[in-house]
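What follows is a single structure, written as structure tokens, with notes after it.
A note on names: the letters A, B, ... follow the listed sequences, proteins ahead of strands, and every chain is numbered from 1.
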Amino acid sequence: MTAKGQNMARYKPGQSEAKWQAAWAKAEVFKARRDAAKPKYYVLEMFPYPSGRIHMGHVRNYTMGDVVARYKIAQGFSVLHPMGWDAFGMPAENAAMERGGHPKTWTYGNIADMKAQMQPLGLSIDWSREFATCDPEYYGQQQAMFLDMLAAGLVYRKAAVVNWDPVDMTVLANEQVIDGRGWRSNAPVERRELTQWFFKISDYSEELLAALDGLKDWPEKVRVMQANWIGQSRGLQFAFETVGAPEGFGQLEVYTTRPDTLMGASFAAISPDHPLARALEARDPAVAAFVAECRRGGTSAAEIETAEKRGLETGIRVRHPLDPAWELPVYIANFILMDYGTGAIFGCPAHDARDFEFATKYGLPINAVFVPEGAVDAPLPEAYVPLKSERVHYVRGFAGEAVQTGEAGVASAIAQCEERGIGRGVTNYRLRDWGISRQRYWGCPIPVVHCPACGVVPERKENLPVRLPDDVSFDVPGNPLDRHPTWRDCACPKCGGAARRESDTMDTFVDSSWYYARFTAPHAATPTDLAEADYWMNVDQYIGGIEHAILHLLYSRFFARAMHKTGHLPAKAIEPFNALFTQGMVTHEIYKRRQKVELTAYTGGGDMVEFTSRPEYFLPEEVERRDGGVYVKDTDEPVSVIPSAKMSKSKKNVVDPVNIIRAFGADTARWFILSDSPPERDVEWTASGAEAAYKFLNRVWLIAERVAESAPGDSAGDEALARAVHRAIADVTASIENFAFNKAIAKIYELTNTLSRATASRAAMTFALRTMAQLMSPMVPHLAEEIWAAMGGAGLVVTAPWPKADPALLEQDSVTLPIQINGKRRAEITVPKDMPTAEVEKLVLEDETVAKALAGQAPKKLIVVPGRIVNVVL
RNA sequence: GCCCAAGUGGCGAAAUGGUAGACGCAGGGGACUCAAAAUCCCCCGCCGCGAGGCGUGUCGGUUCGAGUCCGACCUUGGGCACCA
């Protein structure tokens with residue numbers, strides 16, 4: 001190690017980062033190995049969709065995973081940290097439609113581009129395990145599991161509604177429906193029924209709900225969201241006797257979670273998709289017209305629930321179960337969902353906001369069943385919907401006490417009804433079965449065949465994968481598989497006769513519901529290799545966006561159970577993610593200028609010039625900050641600044657990681673993205689923050705350079721320095737364990753400040769810097785290697801054992817206690833750490849400020865919290 | 001419409017119910033320099049000359065003590081089953 005001065009003249013991230021990446025690759029430090037002698041650790045970031053460009057959100061996600069992976073490597077774990085591509089999906093087909101080309105070419109091209117953009121980040125990924133979900137090797141195994149699940153009774157077909165574009169004659173995704181119209185055709189969208197494939201996730205409703213309690217290392221909010229999504233409810237299911245209904249509809253089954261409000265019923269309502277509505281539709285043109293009207297618009301819940309509540313009186317009536325002489329009208333209503341309960345309800349307007357709106361509109365009676373405790377029965381200005389745990393006074397109750405909670409009222413009502421033979425108490429779930437059929441090309445083909453003789457027949461496993469044909473075109477809307485001249489034709493696996501392939505492909509959520517398991521044996525000839533899965537599962541730490549809190553994570557939890565049932569995962573893996581962390585977005589300011597646009601309007605009295613304004617956006621590099629304002633560089637026009645906006649191309653506030661890495665190096669990007677905000681919150685990317693990160697890394701580098709060239713020095717400050725180093729080890733370790741990377745970085749800043757001021761021996765400084773290199777290594781691995789090497793560290797810092805804090809050096813002898821008087825800080829005293837409370841009290845009362853405030857009186861109360869604070873209450 | 005979360009200086013933030021603002025950015029002052037860049041040092045919540053007062057989205061509550069706990073509200077963000 002001669003010529004240190006030359007080597008260390010300046011920190012050059014470009015050279016240094018490539019050098020260390022090569023060193024890690026050569027030593028194969030990130031290759032995941034089954035090692036019986038070591039504990040294993042599986043860290044996984046949600047794999048990306050290959051859009052073609054990485055963005056700062058990816059950098060943040062993968063850097064966090066990398067910190068965890070590298071920290072665990074240093075802790076002595078055998079680490080699995082893989083990466084792959086969620087490669088099926090609509091954008092590839094859209095690109096093919098817009099620009100021509102093939103989804104496959106586009107997707108694999110994007111994967112190559114994105115991988116090239118990711119590699120300079122220096123992530124600790126075992127790239128030998130990489131795969132894309134569009135690889136036939138992967139989706140073939142998915143098809144094999146589909147067949148096993150079909151055999152196990154976890155898959156079935158039924159009719160379900162889709163968004164139908166009547167002009168393009170195609171099915172639309174919810175995001176392709178804009179204001180009830182098709183995004184390309186602009187035609188009003190209709191709801192249409194198709195026979196589709198479903199996974200029986202509802203078989204697991206109860207279990208998926210109950211098991212949430214065991215997910216201790218998941219964010220509470222995600223568990224709450226999933227619990228609400230599963231939506232367990234206890235209620236009463238009973239049948240109304242109908243009057244004037246068609247043949248076969250003598251009874252109308254309804255489900256209610258509020259049977260205690262039965263006496264407030266003023267109507268019954270059924271979904272437009274209810275069998276009774278269909279029967280009426282066939283013979284009554286008015287019903288047919290209304291039902292057709294209800295089927296306009298998209299299928300999304302947000303759309304249905306925000307639509308105006310509308311109903312049509314059918315003329316049919318039902319008898320009230322508690323009083324057969326009392327008849328209620330039956331409506332068809334657009335806000336009743338066929339998927340939930342029985343698709344029919346009774347309406348109690350007094351205690352349901354939607355029913356209230358409906359009853360008001362159609363002039364139906366609104367009678368309170370209960371009133372607040374102490375209140376009297378009176379006309380209601382709006383629905384009265386207290387929490388079920390609240391005690392209320394039943395004025396039209398029929399079961400239980402007059403004053404009881406809603407919960408008790410419901411329970412008594414169910415018991416009472418069961419006793420009288422009116423229906424039965426049932427537990428219902430809002431969770432619906434998972435529809436996986438997609439009428440699209442770029443997805444995993446559903447491996448079944450439709451045979452005129454045998455019906456629906458599973459493809460034989462030896463014929464898998466059912467490959468997507470390459471010769472397809474996207475010049476006309478719709479699924480190219482459906483119109484492919486030869487692909488659809490095949491032999492029935494059962495009878496050998498002419499048959500047709502299923503042309504639906506699977507929801508891409510299926511692909512992402514088991515990729516974590518496939519990473520444990522990415523090239524196995526079966527979906528999983530049980531020995532590998534048994535060693536590596538579960539994922540110890542999963543990291544991704546909160547937007548996946550419900551669907552992806554719930555489907556994965558179901559799929560792991562289904563895989564276990566079909567023998568593809570061990571029992572311990574049915575909850576595949578031990579710990580979950582949801583990170584925030586990366587945001588950036590938007591620079592916007594209102595551009596005045598002249599409009600000439602003729603008003604009758606002469607031409608008038610009107611102005612309207614159209615926003616114009618500027619890229620970060622197009623503006624400059626000066627004199628407390630922000631201006632466009634070329635034109636000097638002032639722009640307004642919108643802070644913390646999600647990065648989006650149209651708003652021109654996207655920062656490209658590639659440019660940042662080119663300018664400052666990967667370590668700077670990694671350091672900044674971790675330093676500025678807590679990981680679960682959004683972080684705002686700022687140019688000045690990135691520059692500051694770069695400056696800081698250089699500063700550390702310069703300190704190392706200075707130490708390397710310094711004289712042996714005086715050891716007077718060695719102990720103080722050692723204390724600071726061990727304090728930092730303890731704090732940084734705790735912060736990383738708690739996913740508080742921003743705090744870990746703040747502690748490293750503090751240590752750096754101490755270090756740059758320290759007067760200690762070269763040996764002590766060298767130790768301090770070597771330790772700092774270790775502490776920084778998970779965040780800025782390249783610089784850490786550089787410093788580690790310069791300070792004479794053995795081998796690579798990435799594999800060096802994590803430092804341990806010496807408890808003896810963390811102890812403090814004395815402690816400063818703030819003294820509050822009536823809760824306001826007025827003074828402070830410094831006392832030995834272990835001073836008994838009685839002595840502290842004595843000292844406090846002798847304190848000048850306290851004595852003055854007391855003015856000879858004894859305090860009303862004296863609170864001493866040892867080691868923390870003193871409060872004197874006058 | 002329904003479910004979930006977040007709001008603290010000019011900005012990003014920190015704070016087992018116990019000194020609000022650690023650490024960083026921006027800003028101000030100084031050193032070095034012919035000068036600039038880079039680097040280093042100091043100051044920096046708001047009002048007030050000061051003593052002091054006020055401050056964690058808003059309003060109320062619990063407590064010796066509340067950013068933290070409870071209730072209501074406001075704003076912003078995520079999800080709502082075919083975006084991934």
Side-chain angles (χ1 to χ4, degrees), chain A residues 46 48-49 51 86 88-91 160 162-163 171-177 196 201 219-222 224-229 231 298-307 309 335 339 353-354 430-440 507-509 511-512 545-552 554-555 582 584-585 587 625 628 643-644 646 672 675-678 680-684 686 688-689 691-693 695-696 698-699 702 740 742-743 745-750 753 756 816-820 822-828 859-863 865 867-874:
Chain A
M46 290 180 185
Y49 179 79
S51 62
D86 190 11
F88 275 135
M90 290 200 307
V162 294
N163 298 308
V171 177
L172 299 178
N174 282 338
E175 72 158 8
Q176 296 173 323
V177 178
Q196 310 208 59
I201 190 173
E220 174 70 20
K221 63 178 170 184
V222 174
V224 170
M225 280 189 262
Q226 291 211 355
N228 289 338
W229 185 260
T299 58
S300 75
E303 204 170 323
I304 291 166
E305 285 177 43
T306 51
K309 313 280 175 286
F335 60 94
D339 297 313
R354 283 180 307 187
R430 205 181 66 101
L431 181 64
R432 308 200 299 254
D433 277 334
W434 175 13
I436 60 155
S437 284
R438 298 292 181 269
Q439 294 70 41
R440 277 184 260 286
D507 179 6
T508 56
F509 273 125
D511 312 339
S512 56
I546 185 68
E547 67 273 19
H548 295 294
I550 296 174
L551 294 180
H552 163 61
L554 191 62
Y555 290 151
T582 54
M585 290 185 304
T587 64
R625 215 171 266 273
S644 308
K646 182 175 181 168
F672 175 69
S675 70
D676 228 35
S677 288
E680 66 277 13
R681 226 185 279 178
D682 291 351
V683 63
E684 174 133 342
T686 62
S688 57
E691 277 160 31
K695 282 184 194 173
F696 172 76
N698 267 292
R699 183 174 164 220
L702 289 169
N742 57 324
K743 284 188 248 170
I745 284 178
K747 298 298 176 188
I748 291 171
Y749 270 110
E750 279 181 7
N753 289 340
S756 69
T816 299
L817 299 177
I819 300 175
Q820 295 183 333
N822 286 341
K824 298 236 181 231
R825 185 186 173 282
R826 288 289 183 250
E828 62 181 35
K860 201 181 279 173
K861 216 170 188 181
L862 185 56
I863 294 149
V865 183
R868 304 295 319 201
I869 203 166
V870 179
N871 193 8
V872 183
V873 184
L874 300 183

Looking only at heavy atoms, which two atoms of [X] and [Y] are closest? And how far apart?
X         : Y         : result
Ser677(A) : Asn742(A) : O-CB, 3.6 Å
Leu874(A) : Asn822(A) : N-OD1, 3.0 Å
Phe672(A) : Glu684(A) : CZ-O, 3.7 Å

Given [options], identify the nucleotide with an atom nearest to the side chain of [X].
X         : options                   : result
Tyr749(A) : rC83(B), rG24(B), rA38(B) : rG24(B)
Arg699(A) : rC54(B), rG78(B), rC40(B) : rC40(B)
Val873(A) : rC64(B), rC83(B), rA81(B) : rC64(B)
Glu547(A) : rC83(B), rA81(B), rG79(B) : rG79(B)
Asn228(A) : rC4(B), rG78(B), rA38(B)  : rC4(B)
Ser677(A) : rA13(B), rG78(B), rC80(B) : rA13(B)

Atom [atom1], compared across [N] and [M]: separation rounded to whole Å:
N       : M       : atom1 : value
rG18(B) : rG65(B) : C1'   : 7 Å
rA38(B) : rC25(B) : P     : 13 Å
rG28(B) : rU62(B) : C1'   : 44 Å
rC69(B) : rC80(B) : P     : 29 Å
rA51(B) : rC40(B) : P     : 34 Å
rC44(B) : rG50(B) : P     : 13 Å
rA13(B) : rG7(B)  : P     : 9 Å
rG57(B) : rU8(B)  : P     : 6 Å

Whole-Å distance separating the [atom1] atom of [X] from the [atom2] atom of [N]:
X         : N       : atom1 : atom2 : result
Met46(A)  : rG79(B) : CE    : C1'   : 13 Å
Gln196(A) : rA81(B) : CD    : P     : 14 Å
Glu303(A) : rA81(B) : CD    : C1'   : 14 Å
Met585(A) : rG77(B) : CE    : P     : 9 Å
Ile550(A) : rA5(B)  : CD1   : P     : 12 Å
Phe88(A)  : rA84(B) : CZ    : C1'   : 15 Å
Arg681(A) : rC11(B) : CZ    : C1'   : 13 Å
Ile869(A) : rA20(B) : CD1   : P     : 7 Å

Sugar-phosphate, base or nothing in reach of [X], heavy atoms under 4.0 Å:
X         : value
Val162(A) : base
Asn871(A) : base
Asn822(A) : nothing
His548(A) : base
Leu554(A) : nothing
Ala302(A) : base
Lys743(A) : sugar-phosphate
Thr306(A) : base
Val171(A) : base
Gln820(A) : base
Trp434(A) : nothing
Ser51(A)  : nothing
Arg430(A) : base
Pro678(A) : sugar-phosphate

Short side-chain N/O contact from [X] to OP1 or OP2 of [N], under 4.0 Å:
X         : N       : result
Ser300(A) : rC80(B) : no
Asn742(A) : rG12(B) : no
Arg825(A) : rC64(B) : no
Lys221(A) : rC4(B)  : no
Asn174(A) : rA81(B) : yes
Thr508(A) : rA84(B) : yes

With rounding to the nearest 0.5 angstrom, report the [atom1] to [atom2] distance, [X] to [Y].
X         : Y         : atom1 : atom2 : value
Asp507(A) : Leu551(A) : CG    : CG    : 9.0 Å
Leu862(A) : Ile819(A) : CG    : CD1   : 9.0 Å
Phe696(A) : Ser675(A) : CZ    : OG    : 10.0 Å
Asn163(A) : Ser300(A) : CG    : OG    : 7.5 Å
Asp433(A) : Asp339(A) : CG    : CG    : 10.0 Å
Gln439(A) : Leu172(A) : CD    : CG    : 10.5 Å

- [ ] Mind running side-chain contact (heavy atoms from CB on, under 4.5 Å) on Val870(A) and Val865(A) for me, showing each step along the way?
- [x] CA-CA 6 Å; Val870(A) 179; Val865(A) 183; over 6 Å; no

- [ ] Could you pick out which residue, Glu750(A) or Glu305(A), lies toward the 5' side of RNA chain B when each is mapped onto its nearest nucleotide?
- [x]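 That would be Glu305(A).
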
Task: Toward the 5' end of RNA chain B, by each residue's nearest nucleotide, Ile863(A) or Ser756(A) - done: Ser756(A)

TODO: Could you label the plane-to-plane angle of the His552(A) and Phe509(A) rings as parallel, tilted or perpendicular, counting under 30° as parallel and over 60° as perpendicular?
DONE: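 Geometry flag for Phe509(A) against His552(A): parallel rings.
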
Task: Stems involving RNA chain B, each a run of at least 3 consecutive Watson-Crick or G-U pairs under 3.5 Å - done: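 The stems that RNA chain B takes part in, listed by first number, are B:1-7 with B:74-80, B:10-12 with B:23-25, B:27-31 with B:39-43, B:45-47 with B:52-54, B:57-61 with B:69-73.
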
TODO: Decide, for rG61(B), between syn and anti: a glycosidic angle within 90° of 0 counts as syn, anything else as anti.
DONE: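 Anti, since the glycosidic angle lies more than 90° from 0.
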
Task: Backbone N/O of Ala549(A) and side chain of Gln226(A): donor-acceptor pair under 3.5 Å - done: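 A pair under 3.5 Å: yes.
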
